[in-house]
Structures are given as structure tokens and as C-alpha cells.
Amino acid sequence: MPEVHVIGHPLVQHKLTIMRKKSTSVAKFRTLLEEISMLMGYEVTRDMPLSVERIETPLMEMDAPVLEGKKVVVISILRAGDGILNGIMKLLPSARVGHIGLYRDPNTLEPVEYYFKVPGDMSDRDAIVVDPMLATGNSAAAAVAKIKATNPRSVKFCCLLCAPEGIAALHAAHPDVPIYTAAVDERLNDHGYILPGLGDAGDRMFGTK
Ligand code: URA
């Protein structure tokens, strides 16, 4: 069974509904994506290890919890992944950032990489791969394969919406990668769009339609 964490928090669900509406403006869509990504980031980072640091409050000393290591890299699948990246970076301002660009070859329909940049020291990092839409799962699976080749300590995948087909494809290729999402929609249409979905996440974020 794929490890899928559906973040059912009422704030996430309410914001997602506004994002789905075709009447929602580009500016509002962008703001909501950042807000929702912060809320999802809260769940994605729930198992981050803590250590203890001796600190001094104005009244006395204490052993206080701090994030251990903070070795996180957030990797955005271009271009819409940057919307989730912006929200998560508000929570983890010291996290390192990577980018991967893929396009779909119109003849083979296979993802082709055109950009890849991640930190040099990946082997002791926990990677959070972000892309709003897990549709066919082909790009996500190709991106995760490329990221795994850099030997990160762990990989998680965080998206806003999933199609069941995307979950199946990503899980088949990478059964060890947990998926965090705000909703699992019904299905894909013939053009690979998620139904009911929210349309093209990149176009809605950047106003490029
Ligand atoms: N990418 C999008 O932006 N929207 C979809 O519905 C599917 C893939």
C-alpha cells in the first residue's frame, strides 16, 4: 500500500476549495498556494528529529529542544513546484534548495530533463520534492530517480493534488517515497489533467494562460 498522507486539516481543505474555483484570481491563487504549503509543510516535517540545547531564559537555564542537524533540501519540480517551495521555505528558512526541470517529449510522452541543480552534499540530507500536481506520475518518478542518484538520506514527495494514476505510478517506481497531499481527486482526463482538479497549476500561478 502506498504511504499517502492526505492532509485533511479544515484550513487546508478550505483554501484548496478556493484555489479550485475558476473565478479565483492569479494573485489570490499564489497567496493561497503559499499559505497551504506552509500548513502542509507542518505535516511533512512532523518527524524531523530534535536534539537538546542548553539555553538561558531571563530566569534560569534549561535544556530546550532544537531541530537536529537541519539538513533538509527542498527540491522544486519546475515550474509550478516553486509555489510550494515558497511556502515551505517560510517554515525552514535555512533549508537548501534544488530545482529540476522536465518537459514531456511530444513524440514519446516521456519526461526529458533540461535542468538539474541540487546542493553538492546530498548524502546527509532529507529531500522534500515538491510539485503541486501529481498527475500521470511520470515526471515525479523521473525527478525522484534523478534525486535518488545523488544519495539523499531520505525522500518525501509533497503535492497539492493527486490523481490515483499518479499515486500508483510514483509508488510503483519508488515504493519507499511517502506522498503528502491535500486531496486525492477522481482521475485524469485524456490530456493528463486531474479531474476535477484546478486546471494548469503553473498557468494559474503565473497568469500565463
Ligand atoms: N499539471 C497541472 O498543472 N494540472 C493538472 O491537472 C495536471 C498536471
Side-chain angles (χ1 to χ4, degrees), residues 1-13 15-17 19-20 33 36-49 72-78 80-85 87-88 91-92 95 98 100 102 104 109-111 113 116 118 122 125-202:
M1 273 296 282
E3 187 184 334
V4 181
H5 302 260
V6 179
I7 300 168
H9 192 288
L11 288 175
V12 170
Q13 295 303 315
K15 289 174 193 294
L16 176 59
T17 296
M19 293 181 76
R20 288 181 188 274
L33 182 56
I36 234 176
S37 303
M38 288 176 73
L39 295 165
M40 297 210 320
Y42 179 79
E43 289 298 330
V44 176
T45 53
R46 183 176 280 282
D47 61 357
M48 279 177 86
V72 174
V73 57
V74 186
I75 303 177
S76 162
I77 302 182
L78 294 170
D82 279 7
I84 299 191
L85 173 71
I88 294 190
L91 295 181
L92 299 171
I100 179 162
L102 301 161
R104 199 196 309 201
L109 300 185
E110 290 300 315
E113 181 192 311
F116 187 74
V118 297
M122 285 288 285
R125 293 193 180 277
D126 296 307
I128 303 172
V129 184
V130 298
D131 189 357
M133 311 300 269
L134 180 59
T136 63
N138 292 339
S139 304
V144 169
K146 181 80 191 183
I147 291 158
K148 277 186 174 174
T150 66
N151 286 318
R153 190 162 54 184
S154 69
V155 181
K156 290 175 174 173
F157 189 86
C158 177
C159 60
L160 190 58
L161 284 184
C162 293
E165 295 91 328
I167 294 175
L170 183 56
H171 181 68
H174 303 289
D176 54 321
V177 173
I179 299 168
Y180 293 78
T181 187
V184 180
D185 272 11
E186 282 169 26
R187 63 187 171 88
L188 295 179
N189 71 9
D190 293 342
H191 304 286
Y193 278 86
I194 297 176
L195 296 177
L198 49 71
D200 186 298

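Values reported hereafter were calculated over all heavy atoms of this structure, with side chains retained and with hydrogens, waters and symmetry mates removed.
Within the model, atoms CG of Leu195 and CD of Glu186 stand 7.5 Å from one another, a figure rounded to the nearest 0.5 Å. Taken to the nearest 0.5 Å, the CG atom of Asp82 stands 10.0 Å off from the CG atom of Leu33. Separation of atoms NE2 (His5) and NZ (Lys156) is listed at 7.5 Å; rounding is to 0.5 Å. We find the CG-CG distance between Leu161 and Leu198 to be 5.0 Å, quoted to the nearest 0.5 Å. In this structure, CE in Met38 is found 13.5 Å from CD1 in Ile84, a value given to the nearest 0.5 Å.
For the pair Phe116/Thr150, a side-chain contact is recorded, criterion being any heavy-atom separation below 4.5 Å from C-beta on. By the 4.5 Å heavy-atom criterion applied to side chains, Ile179 and Cys162 are counted as neighbours. In this structure, the side chains of Lys148 and Asp176 come closer than 4.5 Å at one or more pairs of heavy atoms. Annotation: side chain of Met40 is not in contact with side chain of Val130 (no heavy-atom distance under 4.5 Å). For the pair Leu188/Ile194, a side-chain contact is recorded, criterion being any heavy-atom separation below 4.5 Å from C-beta on. Side-chain atoms of Met48 and Asp126, non-hydrogen and from C-beta on, never get closer than 4.5 Å to each other. Side-chain contact between Ile100 and Lys146 is present, with at least one heavy-atom pair separated by less than 4.5 Å. Within the 4.5 Å cutoff, side-chain heavy atoms of Asp185 are placed close to those of Pro196.
Nearest heavy-atom pair, Ala173 versus Ala141, reported as atom, atom and distance to 0.1 Å: CB-CB, 3.9 Å. Taking each heavy atom of Arg20 and Ala183 in turn, the nearest pair found is NH2-CB, 3.7 Å. Annotation for Ile75 and Ala127: closest pair CD1-CB, 4.3 Å, computed over non-hydrogen atoms. Pairing each heavy atom of Val177 with each of Val144, the nearest pair is CG2-CG1, 4.0 Å. Considering all non-hydrogen atoms of both residues, Ser37 and Ile88 come closest at O-CG1, 3.8 Å. Taking all atoms of both residues into account, the shortest heavy-atom contact from Cys158 to Val44 is SG-CG2, 4.0 Å.
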In sequence, state the C-alpha distance, the side-chain angles, and the governing distance for Phe157 and Ile77, and then conclude on side-chain contact (heavy atoms from CB on, under 4.5 Å). CA-CA 11 Å; Phe157 189 86; Ile77 302 182; 4.1 Å; yes

Criterion side-chain contact (heavy atoms from CB on, under 4.5 Å) on Leu39 and His9, from CA distance to verdict: CA-CA 9 Å; Leu39 295 165; His9 192 288; 5.7 Å; no

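Considering Leu16, Thr181, Ile7 as possible partners of Leu160, the one that fulfils the side chain to side chain contact (heavy atoms under 4.5 Å, CB included) test is Leu16.
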